[in-house]
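Heads up: the structure comes next, in C-alpha cells.
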Amino acid sequence: MAHSVIYQVPVAVSISSDSTFPRSVFKRNNLSFHDKSQTSGLFLDFKHANSGLHSRAQFVICMSVQQASKPKVAISPLSLEDAKEPPLHLYKNKNPYTATIVSVERLVGPKAPGETYHIVIDHGGNVPYWEGQSYGVIPPGENPKKPGNPHNVRLYSIASTRYGDSFDGKTASLCVRRAVYYDPETGKEDPSKKGVCSNFLCDSKPGDKVLIAGPSGKIMLLPEDDPNATHIMIATGTGVAPYRGYLRRIFMENVPTFKFNGLAWLFLGVANSDSLLYDDEFTKYLQEHPDNFRYDRALSREQKNRSGGKMYVQDKIEEYSDEVFKLLDNGAHIYFCGLKGMMPGIQDTLKKVAEKRGESWDEKLSKLKRNKQWHVEVY
Ligand code: FAD
C-alpha cells in the first residue's frame, strides 16, 4: 500500500534581494538556492510518496511561502547589534578619521531648485554608528576666521543604516544639499560665498579622502523596544536622511533582533516632484508593506493646500491630524528633521489642531516630551 509522509522542514534558503522564486536556482537532490540574502520563515513541504511497487522513492515537492513579501537582505557583521549603547564621539574634531569617498550621486531631477547628492563614504568599519546619528565632516583647507587652523566641523545626518548601503558595516551615506549664495541685490549666484563643506562633498570624486568625526547624536535614535510601535517621521528636504536609515532597517534588512510590525509613517516636504529624495525606495515599501508603511508627500510648488495656498508639510499633517493625534495619544513617536524654518509652521498647525479638539497644545507637548515621544533635529 502506498503511503505518503509530509515533512514540513523550516530551512534557511538564500534568495536574491530583488528576486522571488523563479530566478532562484533550485536543485531537487541537494536543495540549494543560490544568491546573496537569507530569508526567514520560509518552509518547504516534502511529500514523500513511497510506493511498494517502486524501489526508488518519489518526491513531490510543494512550497508554501509563509512570508509573501520580498525577502530581506542579509547584513553583516551582526556584532553591530551587540552594543547596549550607541557609539558616540569615537573620533573627535581634532583627531578625525580619514575616510574615502565611494560614490557621489545626484538625487534630484533637472527641475529641482538646488542640488542634492547621495554620498557614500567608506569608513572601513572603523567609525560605526546607529541609525539617526550624524557624522561631522571637516572640509579641507584653512579656516578664514582662524588662520592656520582647519575649518570648523559641519554635521550631516547619516542616511544609511549601520550596515551601510553595501550591507557590510563599512560605509555610511550622507544626503547633502549644495549650499549656494545668491546676492540679494542682483539675484545672481556669488560663488565666492558658496558653502564650504557641502560644496566640497558634492564635488568630491570616488577615492577622495574626507575627514570625519563622530558619530554624534542620541535624539534621533530609533527606539526599538516595541516592534509594534508607531513612528511618525516629518522631513523637509535633506531632513529625510535619518528616516532613510530607519526605513531600510525596518523594511529592507534582515535584522535578527528587530522584527518590525508597527507603523512607519513618513511625511516628506520638498519643492516639486523633481526634488523628491529616495522616492523609489519609499514607493517600494508602500507596495510591499502597505499595512506597515504610509508615505505622504507635500510638494510646495506643485500642490495646493485646502485654502488654495502652497502645500507645505504641515498642511499634509493637518489633513491627517485626527489620526496623527490619536496615534500620539497611543504612544507614537514623532520625529522632525530638516531646516529650522520648518518648526514654527508645524508647531502652529499642531496648536491649531489641538485647540479645535479642545486640548491644550502646551500640555500635550510637555507630555510628549516627558514620554520621550518627541524627537527634533533641525538645522
Ligand atoms: P558654510 O560655508 O558653513 O556657509 C553657510 C551658509 O552661509 C551657506 O549658505 C553660504 O552660502 C552662506 N555664506 C557664506 N559666506 C557668506 C557671506 N559672506 N555672507 C552671507 N552668507 C554667506 N545638511 C545637509 O545638506 N544634509 C544633512 O543631512 C544635514 N544634517 C545636519 C544635521 C545636523 C545635526 C546639523 C546641525 C546640520 C546638518 N546639515 C545638513 C547642515 C550642514 O551641517 C551644513 O550647515 C550645511 O551643509 C552648510 O555648510 P557649508 O559648509 O556648505 O556652508
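Just so you know, ligand 1 is whichever comes first in the structure, and atom 1 is the first atom listed for that ligand.
- Protein residues having a heavy atom under 4.0 Å from any atom of ligand 1 are Arg154, Leu155, Tyr156, Ser157, Cys175, Val176, Arg177, Ala179, Val180, Tyr181, Lys193, Lys194, Gly195, Val196, Cys197, Ser198, Thr238, Glu377, Tyr379, listed by chain and number.
- The list of ring-ring contact (aromatic ring centres under 6.0 Å, His included) pairs with a residue in residues 160-190, not counting sequence neighbours, is empty.
- Salt bridge annotation for Lys193-Asp183: absent, with no cationic side-chain nitrogen under 4.0 angstrom from a carboxylate oxygen.
- Among residue pairs with one or both ends in residues 298-333, those qualifying as ring-ring contact (aromatic ring centres under 6.0 Å, His included) are His231-His333, Trp265-Tyr320, His333-His375; sequence neighbours excluded.
- Not less than 6.0 angstrom separates the ring centroid of Tyr278 from the ring centroid of Tyr243.
- Using cut-offs of 30° and 60° on the angle between ring planes, the pair Phe251 and Phe260 is perpendicular.
- If you chain together ILVMFWY residues whose side-chain heavy atoms come under 4.5 Å of each other, Val176 ends up grouped with Leu90, Tyr91, Tyr97, Ile101, Val104, Tyr117, Ile119, Ile121, Val127, Tyr129, Tyr135, Val137, Tyr156, Ile158, Leu174, Phe200, Leu201, Val210, Ile212.
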